[in-house]
Peer 1: 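A single structure is presented below for examination.
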Amino acid sequence: MVRHLPTDSAVQREIHGEAAEWSLTDHLLAAAVDHLAVANWMFQCVNTGEDDETPDPPKPVPRPGDTDEDGKEQDGGSAPEGAAEAVSPSALARFFG
């Protein structure tokens, strides 16, 4: 009977925490925002002069259950699987031809 409770029920929130409040749509929207931010960052890196400072990579949208470098669960979020690492503008220019 408990297995079939809605995902937003008090029992599910107690068991899964904030993750119970995130639907598939929320996760897909966060992924879309992250990808758009990385694409804009890559565009900015490729189109800056060589003397300009490389912009910092974007921070991903915080997701429930994410941990920081210390292993602590954070309110913010850490990079999702496959997130972009810092890449030099010249490497991006070579990649995109």
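As the structure is a computational prediction, the values presented were derived from the model and not from experiment. Quick note: numbers below take in every heavy atom, side chains included, and nothing from hydrogens, waters or symmetry partners.
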Peer 1: Could you tell me which non-hydrogen atom of Pro55 sits nearest to which non-hydrogen atom of Trp41, and how far apart they are?
Peer 2: O-NE1, 3.0 Å
Peer 1: Run through the side-chain heavy atoms of Ile, Leu, Val, Met, Phe, Trp and Tyr, join any pair under 4.5 Å, and report what else lands in Leu24's cluster.
Peer 2: Leu28
Peer 1: When rounded to the nearest 0.5 angstrom, what is the spacing between CG in Asn47 and CE in Met42?
Peer 2: 12.0 Å
Peer 1: Given 3.5 Å as the limit, does a donor-acceptor pair link the side chain of Trp22 with the main chain of Pro64, or not?
Peer 2: no
Peer 1: Taking side-chain hydrogen bond (donor to acceptor under 3.5 Å, both in side chains) as the test, write out the residues that go with Asp26, two or more places apart.
Peer 2: Ser23
Peer 1: Between His27 and Arg63, what is the shortest heavy-atom contact and its length?
Peer 2: O-NH2, 4.5 Å
Peer 1: I'd like to check the side-chain contact (heavy atoms from CB on, under 4.5 Å) partners of Ile15; sequence neighbours left out, ordered by chain and number.
Peer 2: Val11
Peer 1: Are Thr54 and Cys45 close enough that some pair of their side-chain heavy atoms sits under 4.5 Å apart?
Peer 2: yes
Peer 1: Do Asp34 and Lys59 meet the salt-bridge criterion of a basic N to acidic O distance under 4.0 Å?
Peer 2: no
